[in-house]
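Atoms within each ligand, like the ligands themselves, are counted from 1 in listed order. As a basis for the values below, the full set of heavy atoms in this structure was taken, side chains included, without hydrogen atoms, waters or symmetry mates.
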Amino acid sequence: MADEHNRRRATKQGEPTGPGIERDGIVWRIRSLSAARQVLRAREQTVQAGFTAERIPKGFFTKHPILISDGPAHDEQRSKVARFFAPAVVEGYTSRMEACADRLLEEFDGTFHLDELALLYTVEVTADVVGLTAAPVPKMAQRLVSFFNQPPFDITRADLGRTPGQWALAARNGLVPIVRMWFADVRPAVRARRRAPQGDVISHLIAEGYSDADILVECVTYGTAGMVTTREFIAMAAWHLLGDEALLRRYLVAGTEERYAILHEIIRLEPVVGHLYRRAHEAFEVGDGDERVTVQPGDLLDVCIRPANADPEAVGTDPLDLCPYRPVPAGVAAYGLTFGDGAHKCPGQPLAILESDVLLTRLLARTPQIVREPTLGWDDLIEGYTLRDFELRLTPGGVGS
Ligand code: HEM
């Protein structure tokens, strides 16, 4: 580990940490938290440009997919699904999460890879909320993971910097898992719910008149946005907690509020999604301290979450230190911009934190030892970290006993 004031593990070599606002042709790099928030809240002047949204043909859908829509229809879409993800509602899933965590920990007893366990766990929990309960979880998890197997791209270039061969590969690697998900996961779930609606997201989408293609793309969005990100965070949080005995002891005896404060601080330090992108379609001003710049229509805004979450103006001194309950000014979330802000802010944040806490408290109480530290990698689609081959062994008589 680096010095005691740099506890961040997912650090990308050569990634600049400043300045707060930087212009590079039509691309603006935004690293100040305050400027980043202004960009993410400029709902009238910008549209979603991340996750290759600008290359996804929209005419195919009768309802635009939530992640890549903008404007009043998107706001309405979000307010309708919000009820599935409100804190009080997701708490209703706690006992099922606990049962799932206990069952997986029994099955993975001995030496196991936490990243594999976390994948099965997050897929099962989210599938429950969404209503994707037709196929065995391990198979659906593989389908979701294969969706991320995309050739690299450069979002600042009109053709994403891909060769025709890479485009063909991207189409194949994106479409094959989607078709498989349709037949194995989504179609059976939709058919069952058309006959007998349930209290889940798919039943809601059917009631709202979504077509089969619309429902399929929402399911892929929830699957990838929710399950895969939370999986990485669980492994990252366990890595921090197991590497810091004082923090681990504190987490194990703390009440819910303090445990959440610890998790919020870990996820601020280690945001899973590294960059968010917006395209300006109207001119607007962005400010950082005394500096004010005017973004022009057509400009691409690259909101750099890692530096924004470590902006000392917003999160105080030693921003790369892990300091739960660090004082932050009004309007700044304890988790920084990890879950975004404004029109696209993640609706799954309460679910992500609750489900992570349920698994982590159960795992850590079983006194795991690190057999092998995880291998850090990077994913192009969400520009986030991946942790793989994180090997743990459950032994009696450790810290939590
Ligand atoms: C640690 C876990 C998670 C992280 C770090 C995360 C992060 C994010 C971020 C940064 C965005 C905003 C994208 C943007 O502004 O362009 C987002 C959007 C979204 N997230 Fe999450 N998320 C997590 C878990 C979840 C969960 C558990 C769900 C639900 C099952 C979920 C569902 C969504 C959806 C549907 C959107 C799109 C919202 C919209 O565009 O209006 N996420 N997430």
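Less than 4.0 angstrom separates some heavy atom of Thr230 from each of these atoms of ligand 1: 1 (C), 2 (C), 24 (C), 27 (C). Every atom of ligand 1 with a heavy atom of Arg278 under 4.0 Å away is listed here by number and element: 14 (C), 15 (O), 16 (O). Remark: ligand 1 atoms within the under-4.0 Å shell around heavy atoms of Gly340 are 10 (C).
Other residues, nucleotides and ligands contribute at most 12 non-hydrogen atoms within 6.0 Å of the CD atom of Glu313. Atom CZ of Arg180 has 12 or fewer neighbouring heavy atoms from other residues, nucleotides or ligands inside a 6.0 Å radius. No more than 12 heavy atoms of other residues, nucleotides or ligands sit less than 6.0 Å from atom NZ of Lys139.
Tested against Glu270, the residues Arg8, Arg306, His240 include a single side-chain hydrogen bond (donor to acceptor under 3.5 Å, both in side chains) partner, His240.
Ligand 1 lies out of reach of Gln349, whose nearest heavy atom is not under 4.0 Å from it.
Of all the heavy atoms of Ile267, the ones lying under 4.0 Å from any atom of ligand 1 belong exclusively to the side chain. For His74, every heavy-atom contact with ligand 1 shorter than 4.0 Å involves the side chain, none the backbone. For Phe85, every heavy-atom contact with ligand 1 shorter than 4.0 Å involves the side chain, none the backbone.
For Arg78, a nitrogen or oxygen atom sits less than 3.5 Å from a nitrogen or oxygen atom of ligand 1, counting backbone and side chain alike. Residue-to-ligand polar distances keep Glu355 apart from ligand 1: every N/O pair is separated by 3.5 Å or more. Distances between N or O atoms of Thr126 and those of ligand 1 include no value under 3.5 Å.
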Practice task
Evaluate the criterion ring-ring contact (aromatic ring centres under 6.0 Å, His included) for residue pair Tyr251 and Tyr260; output intermediate values, then yes/no.
Solution key: CA-CA 9 Å; Tyr251 182 74; Tyr260 279 23; 9.3 Å; no
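Within the structure, side-chain hydrogen bond (donor to acceptor under 3.5 Å, both in side chains) contacts touching residues 17-31 (residues at least two apart or in different chains) are Glu22-Arg31, Trp28-Asp299, Arg29-Asp302.
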